[in-house]
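Values reported hereafter were calculated over all heavy atoms of this structure, with side chains retained and with hydrogens, waters and symmetry mates removed.
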Amino acid sequence: MAKAVLTSKSEDFPKWYQDVVAKAELADNGPVRGTMVIRPYGYAIWERMQAELNRRIKDAGAENAYFPLFIPESYLRKEAEHVEGFSPELAVVTHAGGKELEEPVVVRPTSETIINSFFSKWVQSHRDLPLLINQWANVVRWELRPRVFLRTTEFLWQEGHTAHATQADARVYALRILHDVYEDFARDVMALPVLVGRKTERERFAGADATYTIEGMMGDGKALQMGTSHELGQNFAKAFDITFQSSSGTTEHAWQTSWGVSTRLVGALIMGHGDDAGLRVPPALAPIQAVVVLVRDEEGAGERAASLAAELAGAGVRVRLDDRVDTGFGRRAVEWELKGVPVRIEVGPRDLAAGTVTLVRRDVAGEKATVALEGLGARVAGLLAEIQTSLYQEALDRRESSTVDAAGLDEVREAAQVGFARVPWDVIRESETDLAADALTVRCLQEADGGVPGSSAGAGLIATVAKAY
RNA sequence: CGGGGAGUGGCGCAGUGGUAGCGCACCUGCUUUGGGGGCAGGCGGUCGGGGGUUCAAAUCCCCCCUCCCCGACCA
């Protein structure tokens, strides 16, 4: 950290973000505006996200499947509000196979329509319910103002789609995903505190009865929607004729949910934890939790570094050995800091005699310790757990200190310039559009105790207002 | 889609009409390696595209395209 490697966060946050994306080798811009190439390290992070999310999704009972990229344009039109919400951002294929298509096909912006057209076939009886499907896929929404990971024309995500026999079942499931998958993942894996709440009618997903959200605060005080879960009611069931016979013999429309998180989470990771030295990846998420850096290969240091890496791997640590001694030490140290590897272990000839290594934690700037080689595995495991906790605490403290309880609209406007403004929903209600003129949105509604409201019409709700990505 | 910037080697930039340059990166060699090391020698650009003015255009004029930043819309 001797020399500035990046634009500093405080100097120019957007520039800093782009610098981190480039220097940590996360992604490049693609040739078509709004597209991105996810580089190996960025993709490794996404794969870790996928693994952790996939496990939680399966724990919630959903199964993975895959539906086509191309959707008949007519499907989109079946649900009026849905198509209205998406039509500006659709990519439509009109020519293929050397000729104009009779019916254009849409590149999926989301898969509600095509999946529900199959749910219609698959759901006949109440015994077929609940039907719990998830898919990992790419989707395309033509973006006017793209930003790598945060808002790209093509992005990767998981989208869950479910059908239930009753409204109550669907509601419970939408909230279960919200809490047990998304909130849990954000907190325990990404080490990011999130507000869990309900979207206002204005912010609701086109075609949903209710949209729930997890909202994180980024390093510049802006909000980022990190995941959504929707109660779709019977809107799509009616549009796509998803009906079943109940146990009493009546024909009913299914009640549905859909929910998703995307590669936007990589952006959340960067902006939620990054510092002036680059990315900081929480250990639970990190593709590389510890890197053993060989300083110089003299006096058996190389063998020691290799055996140490093997020992850590054996102890369950995701470890990488950096023995590229033809590259200067400082350069490599900077590289691993940019990539946010939580723990760095430096091994050189100097350590060997003393039976020590140098242990560096990424979350606390400039903290190095000389520690005994003996028992290093346990020590590293303990340190990883500590870093996970400290990153979460740091993010939580930052959010708390950047959140203001406001009483009126003027206070809301002022507080939301630099952070979150919490205000009674009753104060906002009719002024939501006015706030939008100042680029401020209600990120979510919560009960006074932080609970998720059953309706936006309820009394005593708290609105959180902020600028958002 | 509105407002503002910018397009010159992989990246960042200089170059106000007269032989295209600098830093970093890259390659080769030597030396170094405990925080982006040093020396020497190299590779690499039809200056975003098209048209025009001129003896001569990266430079002046016209049109187009792209990217970035700030807003309206979104995961």
Please classify the nucleic acid contact of A:P349 as base, sugar-phosphate, or nothing, using heavy-atom distances under 4.0 Å.
base

Using a 4.0 Å heavy-atom cut-off across all strands, classify A:A436 as base, sugar-phosphate, or nothing.
sugar-phosphate

Under 4.0 angstrom, heavy atoms only, what part of the nucleic acid is A:F86 near: base, sugar-phosphate, or nothing?
nothing

Give a yes/no answer on whether the side chain of A:Q158 brings an N or O atom under 4.0 Å of OP1 or OP2 in B:rA75.
no

Between A:L269 and A:P282, is there a side-chain heavy-atom distance shorter than 4.5 Å?
yes

In residues 182-195 of chain A, which ones come under 4.0 Å of RNA chain B, going by heavy atoms?
none

Pairs counted only when both distances fall under 3.5 Å, Watson-Crick or G-U: show me the 5' to 3' dot-bracket for RNA chain B, [ ] for pseudoknotted crossings and | for other-strand partners.
((((((((.[[[[.)..(..]]]].((((((.....)))))).....[[[[[..)....]]]]])))))))....

Measure up the A:W16 and A:F13 rings against each other and bin them: parallel (under 30°), tilted (30 to 60°), perpendicular (over 60°).
tilted

When rounded to whole Å, the CG to C1' distance for the pair A:L440 and B:rA72 reads 14 Å

Name the nucleic acid region contacted by A:T152, choosing base, sugar-phosphate or nothing; use a 4.0 angstrom heavy-atom cut-off, strictly under.
base

Could you check A:H161 against A:F236 for ring pair (Phe, Tyr, Trp, His ring centres under 6.0 Å), going step by step and ending with a plain yes or no?
CA-CA 11 Å; A:H161 299 269; A:F236 286 91; 8.7 Å; no

Lys/Arg-Asp/Glu bridge criterion (N-O < 4.0 Å) met for A:R443, A:E215:
yes

Across the strands shown, which category fits A:D326 at heavy-atom distances under 4.0 angstrom: base, sugar-phosphate, nothing?
nothing

Roughly how many Å apart are B:rG23 and B:rC55, using the P atom of each and rounding to a whole number?
37 Å

Could you tell me whether A:E52 and A:R56 make a salt bridge, using a distance below 4.0 angstrom between a side-chain N and a carboxylate O?
yes

Within the structure shown, what part of the strands sits under 4.0 Å from A:E346 by heavy-atom distance: base, sugar-phosphate, or nothing?
base

Is any N or O donor-acceptor pair between the side chain of A:K368 and the base of B:rG35 shorter than 3.5 Å?
yes

Quote, to the nearest angstrom, the P distance that separates B:rC73 from B:rC13.
32 Å

Do side-chain atoms of A:R398 reach the backbone of A:M218 as a donor and acceptor pair under 3.5 angstrom?
yes

From CZ of A:R204 across to P of B:rC74 the rounded distance in Å is 12 Å

So, under a plain 3.5 Å distance rule, would you say the side chain of A:R344 forms a donor-acceptor pair with the base of B:rG35?
yes

Counting the atoms with a prime plus P, OP1 and OP2 as sugar-phosphate, which does A:L265 contact under 4.0 Å by heavy atoms, base, sugar-phosphate, or nothing?
nothing

Please determine whether a side-chain nitrogen or oxygen atom of A:R147 lies at a distance below 4.0 Å from atom OP1 or OP2 of B:rC69.
yes

Where is the tightest heavy-atom contact between A:V341 and A:I288, given as atom of each residue plus distance?
CG1-O, 3.5 Å

Rounded distance in Å between the P positions of B:rG38 and B:rC67:
37 Å

For the pair A:H164 and A:Y173, name the ring-plane relationship: parallel under 30°, tilted 30 to 60°, perpendicular over 60°.
tilted

Does the side-chain ring of A:F329 sit on the six-membered ring of the B:rG35 base, less than 5.5 Å centre to centre and under 30° in tilt?
no

Find out whether the Lys NZ or Arg CZ of A:R147 is both under 6.0 angstrom from the six-membered ring centre of A:Y17 and within 45° of the ring's axis.
yes

With distance as the sole criterion, do the side chain of A:E335 and the base of B:rG36 form a donor-acceptor contact below 3.5 Å?
no

Electrostatic pair A:E159-A:R108, nearest N-O below 4.0 angstrom
no

Just wondering, are more than 12 heavy atoms of other shown residues or ligands nearer than 6.0 Å to CH2 in A:W136?
yes

What nucleotide, of B:rG34, B:rG35, B:rC74, holds the atom closest to the side chain of A:E89?
B:rC74

What nucleotide, of B:rG34, B:rG35, B:rA75, holds the atom closest to the side chain of A:E337?
B:rG35

Tell me, do A:L279 and A:K339 make a side-chain contact under 4.5 Å, heavy atoms counted?
no

Looking across every strand, which nucleic acid part, if any, lies under 4.0 Å from A:K23 by heavy atom: base, sugar-phosphate, or nothing?
base

Which is true for A:T110 with a 4.0 Å heavy-atom rule: it touches a base, it touches only sugar-phosphate, or it touches nothing?
nothing

May I ask you to say whether A:R332 pairs ionically with A:E335, meaning some side-chain N is under 4.0 Å from a carboxylate O?
no

Taking atom C1' in both B:rU46 and B:rU19, compute the distance separating them and give it to the nearest angstrom.
16 Å

A:A333, nearest nucleotide to its side chain (from B:rA75, B:rG35, B:rG34)
B:rG35

Suppose you measure atom C1' in B:rU66 against the same atom in B:rC47; what distance do you get, rounded to whole Å?
16 Å

Please report, rounded to the nearest Å, how far the P atom of B:rA72 is from the CD atom of A:E432.
14 Å

Quick one: is A:R202 getting a side-chain N or O under 4.0 Å of the B:rC74 phosphate, OP1 or OP2?
no

Please report the closest heavy-atom contact between A:L352 and A:G300, naming both atoms and the distance.
CD1-C, 3.7 Å

Rounding to an integer number of angstrom, what distance separates B:rG51 and B:rA56 when you compare their P atoms?
15 Å

When the nearest nucleotide of RNA chain B is assigned to A:W157 and to A:V295 on a heavy-atom basis, which residue is associated with the more 5' position?
A:V295

Between the protein and nucleotides 24-30 of chain B, are there any N/O to N/O pairs under 3.5 Å, and if so, what are the atom names and distances?
{"from": "B:rA25", "atom 1": "OP1", "to": "A:R331", "atom 2": "NH2", "distance (Å)": "3.3"}

Could you check whether A:D209 pairs with A:R171 (Lys NZ or Arg NE/NH1/NH2 to Asp/Glu carboxylate O, under 4.0 Å)?
no

Using the C1' atom as the point on both nucleotides, what is the distance between B:rG49 and B:rA57, in whole Å?
16 Å

Given the C1' atoms of B:rG9 and B:rA25, what is the spacing between them in whole Å?
11 Å

For A:T358, answer base if it contacts any base atom (sugar-phosphate contacts may also be present), sugar-phosphate if it contacts only those atoms, and nothing otherwise; contact means non-hydrogen atoms under 4.0 Å.
base

Give one of base, sugar-phosphate or nothing for A:G348, where a contact means two heavy atoms less than 4.0 Å apart.
base

Report the nucleotide, chosen from B:rG71, B:rG36, B:rG34, that has the shortest atom-to-atom distance to any side-chain atom of A:R350.
B:rG34

A:R141 has a side chain; which of B:rC74, B:rC69, B:rG35 sits nearest to it?
B:rC74

